[in-house]
Q: 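There's a structure below that I have some questions on.
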Amino acid sequence: MFEDEHHGQLASESSAEFGFRVLWVGLGLVAAIGGGGNAPWSLGIVAVLGVVGLALTGANQHTYGEKTGEFFLRYVFWMLPVWLAVATFLIGRNFPPYRQVNLGSSKIWELAPLPASWVPISTSYKVAGIGVLVAAGVYASTISALLLCKSRLVFARTWAVLVICAGALALLGLLQVAGHADQILWMIPMKNTRFFSSFPHPALWSAFAILWMSAGFGLLGWLAGQRGWNWQSTDGWLLLASTALLAMSIGVAGDPLHQILGAIVASLGCLVIAWQSWQGRRASQKRGLGLSIPLWIIAGLAFAGLATFVSVQSPANEWVHYEGQTADWPVHERVVEDTRNMWLQRKWLGWGYNSFPVVYSFFQGADQNDTYRSVARSDFWQSLAEHGIIGTLVWWVPALWIVGRLLFKRRLLKFLIPPLAGLAAMVVLSVVDFPFACPAVFFGFWLLLFSVARWSEVDKEGVTFDPGERKRIQKLRGEGQTLAQRPTTFGTPSSKPKP
C-alpha cells in the first residue's frame, strides 16, 4: 500500500519499522473492536501488546545510530510519564487511600489516614495495576514512532490501515442504528442502548472517529500533493470512503460538541486537500484548478457552515449530553465541583490510578442522587484528582514540547494540519468529557502525535524554508545527503551517506 514517488523511487521500511507497524495495527484493532479497549478481554491484550512494544523499542535501539548515549538520554526524557506512573503506583501501594472496617455485624469502607500530599498513595493491584500497565504500555509502544522510525511510509501505511478499519466499524455502527440493534455487533447484549458499533458509549466512539477522520484527511492531503501520483486510485478511494463514513458516524452518534469539532476538522481537511492538490498541479505544470479543487473548497466551506449552524442552534449547556439527557448540565457541574474538592485534598500526586470510582463516593455531595460514577466526565479534573498537578503535567509536557517545536520551528507540513486539529479536538473534549478513558482514543492520540512530529522531520518537501534552512539543505544535498539523512530534532540522528 502506497508507493513513495516523492523522490521518484520506491521507499521501503526497515524490518524494525515493519515490526512496529504490525504492533501498532494490532494494538489499535484490538482496542477498537474490544469496546474501545475497555472490554475485560481487550484490556489484558492491550496491556500485553504495550509491554511487547516496550521490549521491541529496546531491542531495536541499535537502529538509532552509533550515539547510544544520546538515545538513552532522549528515551529517559520522553518516558518520564511512564517512570512517574510506575514509581507512584509501586510506592503508593504502601499507603492505600481507604480501608475496610467493621461496623457491628457489617463491614464498610472508610478513608484511611493519609500521608503528606507529596507522598504517593495507590489503590490495589487489581484496581490500579491494569490501568498503570495499559497507560504505560500504550505510551511506551508508540514512542518508537518518534525515536526510531526513519521512513514516512511506516506512518502512511499504519494510518491507512487504521483509518480503513475505523471506517468499517463506522459502517457497522450506521447499520446498527438503521436496524435499531440492541446488541453490540449483534452479539453482545447491552443494558445501555446508547452504544455505537463496538463502543459502549457514543461519546467514546465520536472521539475515536474524530481522531481517525483527521488522519484520513491528512493522508488524502499527502496523496494529493504527491507529484506524479494520482490519489484517485484504489487506496485513495478506500481512504475517502472510510473518512466519509467516520464523518457520517459523528453526525449520527455524536453530541453537538462532537459534531462541531468534527465539522471543524473536516473543514480544515477539505481545504488542506484543495491546497495540496493545487500545489501538485503547479509542480506538474498543469494549468487551472481542475474539477477536484473547487469541489474540495465547497466541501470545506460546507463543513464550516455546518459547525456554525450546530453551535448556534444548540445552547452551550446542551453541547454534551452527560446522562443521555440535555438537562443534566447542573448535575455535571456538581460532579466536577466534588471532583475538584477531591483533588484539593491531594493536590500534588492525587489519589492514585483508577482511584476515582471508589474514592469519589466519599466526596459525592448529598444533593446528588446515589448513582455510581466510574468517571467524572471530565478527563482534566479526573486526572487532577487521580494524579495531582505533578502527575497531570508530566503527561502533558511531551505533547506541549512537540507542539511548541512544530510551531516555533516551522516544521509542520500542510497535510498534517488536519491530524493536529484532531489532536486539539481531543484536548478540548478532555475538559468537558472523557475521551481518554477509552484506551483506543488514548492509543490513537499518542500514535498520531508522535507520528506527526516525526513525519515533519523526515519529509519536508513542499515546505517553504527560511533562507538559512534552504542553504543548509542545499549544502547537505551537495554533500550527497538526502532529506531523510539530515540531522533531526526529535528522534533518529542522520545516517552518513554511503560512499
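Hydrogens, waters and symmetry mates play no part in the numbers below; they use all other heavy atoms, side chains included. Owing to the predicted nature of the structure, the values given are computational and were not obtained by experimental measurement.
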Q: Would you say Q276's side chain and W222's backbone share a donor-acceptor pair under 3.5 angstrom?
A: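 Side chain of Q276 to backbone of W222: no pair is present.
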
Q: Given the side-chain rings of W455 and F415, with only the six-membered ring counted for Trp, is the space between their centroids under 6.0 Å?
A: yes

Q: Find out whether L43 and P439 are in side-chain contact, i.e. whether some heavy atom of one side chain is under 4.5 Å from a heavy atom of the other.
A: yes

Q: For residues W24 and F450, establish whether the separation of their ring centroids is below 6.0 Å.
A: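 Here the rings of F450 and W24 have centres that are no less than 6.0 Å from each other.
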
Q: Is it true that a side-chain atom of E386 and a backbone atom of F356 form a donor plus acceptor pair closer than 3.5 Å?
A: yes

Q: Using only atom types and a distance under 3.5 Å, with no angle test, would you say the side chain of S197 pairs donor to acceptor with the backbone of L169?
A: yes

Q: To check you understand the geometry: which heavy-atom pair defines the closest contact between T392 and H387, and what is its length?
A: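 The answer is N-CB, 4.0 Å.
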
Q: Could you go through L406 and S456, starting from their C-alpha distance and side-chain angles, then the distance that decides it, and tell me whether this counts as side-chain contact (heavy atoms from CB on, under 4.5 Å)?
A: CA-CA 8 Å; L406 292 174; S456 298; 3.6 Å; yes

Q: Give a yes or no answer on whether the side chain of S198 reaches the backbone of A32 with a donor-acceptor pair at less than 3.5 Å.
A: yes

Q: Nearest heavy-atom pair of A209 and I250: which atoms, and what distance?
A: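 Reported closest heavy-atom pair: CB-CG1, 3.6 Å.
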
Q: Quick check: does any side chain N or O of E17 sit under 3.5 Å from a backbone N or O of C149, one acting as donor and the other as acceptor?
A: no

Q: Within a 6.0 Å radius of atom CH2 on W348, are there more than 12 heavy atoms belonging to other residues, nucleotides or ligands?
A: no

Q: Atom NZ in K150, atom CZ in R454: separation rounded to 0.5 Å?
A: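 Here the interatomic distance stands at 8.5 Å.
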
Q: Does either side chain, that of S249 or that of W205, offer a donor lying less than 3.5 Å from an acceptor on the other one?
A: yes

Q: When you compare the side chain of W446 with that of S141, does any pair of heavy atoms fall below 4.5 Å?
A: no

Q: Are side-chain heavy atoms of L261 and L429 found at a separation under 4.5 Å?
A: yes

Q: State yes or no: are the ring centers of W159 and F155 separated by less than 6.0 Å?
A: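 No, the ring centres sit 6.0 Å or more apart.
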
Q: Just how far is it from atom CG of L49 to atom CG of L54, taken to the nearest 0.5 Å?
A: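 Reported value, rounded in 0.5 Å steps: 12.5 Å.
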
Q: Identify the two heavy atoms, one from P398 and one from P81, that lie closest to each other, and give their separation to 0.1 Å.
A: CG-CG, 4.0 Å

Q: For D433 and L257, run side-chain contact (heavy atoms from CB on, under 4.5 Å): C-alpha distance rounded to whole Å, both residues' side-chain angles, the deciding distance at 0.1 Å, then the answer.
A: CA-CA 10 Å; D433 213 345; L257 181 59; over 6 Å; no

Q: Can you confirm whether W275 sits close enough to W278 that some side-chain heavy atom of one is under 4.5 Å from a side-chain heavy atom of the other?
A: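 A side-chain contact under 4.5 Å exists here.
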
Q: Treating S267 as the side-chain partner and A263 as the backbone partner, does any N or O pair qualify as donor plus acceptor under 3.5 Å?
A: no

Q: Using ring pair (Phe, Tyr, Trp, His ring centres under 6.0 Å) as the criterion, list what pairs up with F303, not counting sequence neighbours.
A: none

Q: Verify whether the ring centers belonging to F380 and W343 lie closer than 6.0 Å.
A: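 So the answer is no for these two rings.
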
Q: Tell me if a side-chain donor or acceptor on W319 pairs with a main-chain N or O of S314 at a distance below 3.5 Å.
A: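 Pair found, side chain donor or acceptor close to backbone of S314.
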
Q: L271 and F217: side-chain contact (heavy atoms from CB on, under 4.5 Å), yes or no, with the steps?
A: CA-CA 10 Å; L271 296 177; F217 276 117; over 6 Å; no

Q: Do the side chain of W78 and the main chain of I143 share a donor and acceptor less than 3.5 angstrom apart?
A: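 Checked: no pair found.
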
Q: Please determine whether the number of non-hydrogen atoms from other residues, nucleotides or ligands lying under 6.0 Å from atom CZ of F77 exceeds 12.
A: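 Above 12, so yes.
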
Q: What pair of heavy atoms forms the shortest contact from G216 to V163, and how long is it?
A: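 Taking every non-hydrogen atom into account, N-CG2, 3.7 Å.
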
Q: Measuring only between side-chain heavy atoms, which start at C-beta, is L223 closer than 4.5 Å to L239?
A: yes

Q: What distance separates L301 CG from L306 CG, expressed to the nearest 0.5 Å?
A: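 Interatomic distance, L301 CG to L306 CG, rounded to 0.5 Å: 12.5 Å.
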
Q: Hey, what's the ring geometry for W83 with Y75, parallel, tilted or perpendicular (30° and 60° as the breaks)?
A: perpendicular

Q: Starting from the C-alpha separation in whole Å, work towards a yes-or-no answer on side-chain contact (heavy atoms from CB on, under 4.5 Å) for L27 and V138.
A: CA-CA 8 Å; L27 205 160; V138 166; 4.2 Å; yes

Q: Quick check for you: to the nearest 0.5 Å, what is the distance between L162 atom CG and S242 atom OG?
A: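 These two atoms lie 11.0 Å from each other.
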
Q: Can you find a pair of side-chain heavy atoms, one from S378 and one from T339, that are under 4.5 Å apart?
A: no

Q: Going by ring pair (Phe, Tyr, Trp, His ring centres under 6.0 Å), H201 matches just one of F434, F195, F208. Which one?
A: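 By the ring pair (Phe, Tyr, Trp, His ring centres under 6.0 Å) criterion, H201 pairs with just one of F434, F195, F208: F434.
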
Q: Write down the atom of F436, the atom of D379, and the distance for their closest heavy-atom approach.
A: N-OD2, 2.7 Å

Q: Could you grab the distance from atom CH2 of W381 to atom CE of M342, nearest 0.5 Å is fine?
A: 12.5 Å

Q: Are the side chains of H332 and V320 in touch, meaning some heavy atoms are under 4.5 Å apart?
A: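 Of all side-chain heavy-atom pairs linking V320 with H332, none is under 4.5 Å.
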
Q: Tell me the closest heavy-atom pair linking L133 and A47, and the distance in Å.
A: CD2-CB, 3.7 Å

Q: If you measure from CG on L447 to CZ on F20, what distance do you get to the nearest 0.5 Å?
A: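 One finds 12.0 Å between CG of L447 and CZ of F20.
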
Q: How about L423 and V403: do any of their side-chain heavy atoms sit closer than 4.5 Å?
A: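 No, their side chains stay 4.5 Å or more apart.
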
